[in-house]
Amino acid sequence: MNHPTRSRNLRIRATLAVAAVTGLGATALTALPAAAAGEAVTVQYRQSATGSDQVEPWLKVVNTGASSVPLSQVKVRYYFKADAGASYTYACSWAVKGCANLTGTFGTLANPTATADRYLEIGFTAGAGSLAPGADTGDMQLRFHRSNWQPLNQNDDYSFGPAQTTYASWSKVTATVGGVPVWGTAPAGNEPTPTPTPTGPTTPPPTGAALFDDFDYTGHTDPAINAHGWSVRSNSGGPGVPGATWAPENVTFAKEGTNSIMNLRSSTAGTGESTRHTEILTRASKFKNGTYAARVRFSDAPVSGPDGDRVVQTFFTINDLKAPMADDYAEYDFEYLPNGGWGEPANILYTTSWETYRPDPWEAVNQHSEARTSYAGWHDLVLTIDDNTIVYYVDGQEFGRHDARYLPERPMSINFNQWLIDLAGQTSTTPRSYDQKVDYVLHVKDQVLTPAQVAAKVGAYRSAGTAFEDSVPAAQ
């Protein structure tokens with residue numbers, strides 16, 4: 001199946017905020033985390049501006065406990081009432097800890113109120129360090145605005161305090177440490193609950209129809225690739241740089257330790273004719289509800305040559321758009337941009353759930369979540385779809401939760417690709433290339449697995465010496 005040609009720049013700008021806190025049943029995780037003795041934080045807030053074009057919550061996290069708190073374990077939520085149909089963009093103007101060490105993700109409340117149906121969740125990377133008892137983060141001068149810069153109204157926002165012109169403790173902003181609520185009061189009916197710790201499944205991973213591939217092949221011409229239902233793309237077209245070639249020879253396979261690894265290499269010398277994109281996808285569109293998982297190595301730097309190209313590294317499912325705004329279109333993406341793009345200046349990871357779109361004039365119906373930080377290295381990516389919810393996980397932690405409006409109506413294919421948005425990020429004509437690696441892919445039909453159950457199922461395949469299985473029936 002061809003990946004539809006479309007303007008991804010406009011597409012991402014048009015996305016809606018991610019849904020985040022409704023429950024998903026049938027989990028085998030039972031152990032709950034406990035905050036370490038003495039761990040406690042308070043959130044201080046001041047509003048920087050009451051203007052109509054952006055929200056400017058300035059925050060400090062203060063360690064009021066008796067032990068040091070790793071900031072990477074802290075999450076802070078600011079709640080607001082979204083304008084009808086609006087999507088939002090997060091930014092950090094300045095932070096004592098460094099804006100690069102902060103992440104901002106939008107979510108949707110399970111139980112909307114008159115003053116809140118969305119939130120901005122602020123997290124920290126490991127680079128933010130820890131807070132000693134009595135210490136605080138210093139200023140975090142944050143802001144967010146409607147993605148199209150249309151006016152917005154803060155006066156009906158739960159966390160907004162127009163009189164808070166100096167820092168003070170503010171209970172309308174909440175905080176958790178290691179998933180445990182420690183500060184603030186959420187809007188009624190949306191009290192945070194402790195996040196389960198993935199300590200391993202208490203029941204065996206489910207059996208049933210599944211696709212598993214360890215990518216143990218000799219090269220892109222290996223007959224087993226075709227026999228196993230994959231197509232290595234060679235046809236022209238989008239997305240990405242006009243005139244680029246989709247190069248099947250740049251999809252290679254090799255052993256790393258005991259595992260077989262697939263590598264997608266994309267390259268350019270600064271022209272469309274010299275640009276090589278890579279993609280592998282299932283020929284059959286037969287995958288719908290259930291669990292999708294892959295272990296993927298994203299990279300921030302090129303293998304050779306100058307850095308800076310606006311590269312997109314992906315794992316996604318998709319079906320074809322039969323007509324503009326057709327309501328049976330579906331697509332679910334993990335997309336990592338190591339050098340930014342689509343208006344972003346630096347690395348960012350998106351997960352996006354698509355209902356439909358129109359190419360011309362551009363219109364999109366979707367939800368996304370994002371984290372503005374480096375994801376270089378190996379990551380376990382899991383997507384689950386049931387009859388109510390779409391959930392994305394990265395390395396065992398929930399990354400985004402999208403609601404039933406974006407559920408698939410038709411089966412999809414499974415895809416990996418790496419491509420360049422354009423050639424504006426790096427204008428050099430020196431050749432350079434980028435690698436994206438994939439360890440395995442798994443789909444379990446009609447069953448929602450936890451990340452721990454995914455790991456157990458992959459381990460069971462490998463323990464049994466099974467490099468490939470496809471028992472998923474053809475779409476009816």
Student: Looking only at heavy atoms, what is the nearest atom pair of A293 and V454, with distance?
Tutor: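 Smallest heavy-atom distance, with atoms named: CB-CG1, 3.6 Å.
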
Student: Can the ring centroids of F298 and Y336 be said to lie less than 6.0 angstrom from one another?
Tutor: yes

Student: Say whether E121 and Y119, considering side chains only, have a donor N or O and an acceptor N or O under 3.5 Å apart.
Tutor: no

Student: Determine whether the side chains of D213 and W230 contain a donor N or O and an acceptor N or O closer than 3.5 Å.
Tutor: yes

Student: Examine R295 relative to Y440 and say whether NZ or CZ is less than 6.0 Å from the centre of the six-membered ring and inside a 45° cone about the ring axis.
Tutor: no

Student: Looking at D386, D387, T384, which one forms a side-chain hydrogen bond (donor to acceptor under 3.5 Å, both in side chains) with N289?
Tutor: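 It is D387; the other options fail the test.
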
Student: Would the W354 and Y332 ring centres measure less than 6.0 Å apart?
Tutor: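 Centroid separation for W354 and Y332: 6.0 Å or greater.
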
Student: Supply the atom-to-atom distance T317 OG1 to F334 CZ, rounded to the nearest 0.5 angstrom.
Tutor: 10.0 Å

Student: Of the options T252, L264, N417, D435, which is the one that meets T278 in a side-chain contact (heavy atoms from CB on, under 4.5 Å)?
Tutor: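 Testing T278 for a side-chain contact (heavy atoms from CB on, under 4.5 Å) against T252, L264, N417, D435 leaves exactly one candidate, L264.
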
Student: Taking atom types as modelled, is there a side-chain donor on Y375 or N347 under 3.5 Å from an acceptor on the other?
Tutor: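 Absent: no donor and acceptor within the cut-off.
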
Student: What is the minimum heavy-atom distance between H443 and G290, and which atoms define it?
Tutor: CE1-CA, 4.3 Å

Student: Between E370 and H368, is any side-chain donor less than 3.5 angstrom from a side-chain acceptor?
Tutor: yes

Student: Within the 3.5 Å criterion, strictly below it, is a donor on T356 or D327 matched to an acceptor on the partner's side chain?
Tutor: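 No, because no side-chain N or O of T356 sits under 3.5 Å from a partner of the opposite role on D327.
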
Student: Would you please say whether a donor-acceptor pair under 3.5 Å links the side chains of T103 and T373?
Tutor: no

Student: Between the side chains of R283 and N226, does any donor sit under 3.5 Å from an acceptor?
Tutor: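 Their side chains do contain a donor-acceptor pair, which is all the 3.5 Å distance test asks for.
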
Student: Do T351 and S369 have side-chain N/O donor and acceptor atoms under 3.5 Å apart?
Tutor: yes

Student: Between Y461 and E469, do the side chains contain a donor N or O and an acceptor N or O under 3.5 Å apart?
Tutor: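 A donor-acceptor contact under 3.5 Å links the two side chains.
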
Student: Could you go through the salt bridge (charged side-chain N to carboxylate O under 4.0 Å, His left out) check for D320 and K322 one step at a time?
Tutor: CA-CA 6 Å; D320 57 323; K322 292 184 176 296; 3.7 Å; yes

Student: Taking the six-membered ring for Trp, is the centroid-to-centroid distance between Y90 and F144 below 6.0 Å?
Tutor: no

Student: How far does CG of N101 sit from NZ of K97, to the nearest 0.5 angstrom?
Tutor: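 Rounded to the nearest 0.5 Å, the CG-NZ separation comes out at 8.5 Å.
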
Student: Under the criterion side-chain contact (heavy atoms from CB on, under 4.5 Å), which of R405, Q367, E409 is the partner of E355?
Tutor: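 Checked R405, Q367, E409 against E355; only one passes side-chain contact (heavy atoms from CB on, under 4.5 Å): E409.
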
Student: Would the F399 and Y392 ring centres measure less than 6.0 Å apart?
Tutor: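 No, too far apart.
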
Student: Is any side-chain heavy atom of D216 closer than 4.5 Å to one of K255?
Tutor: yes

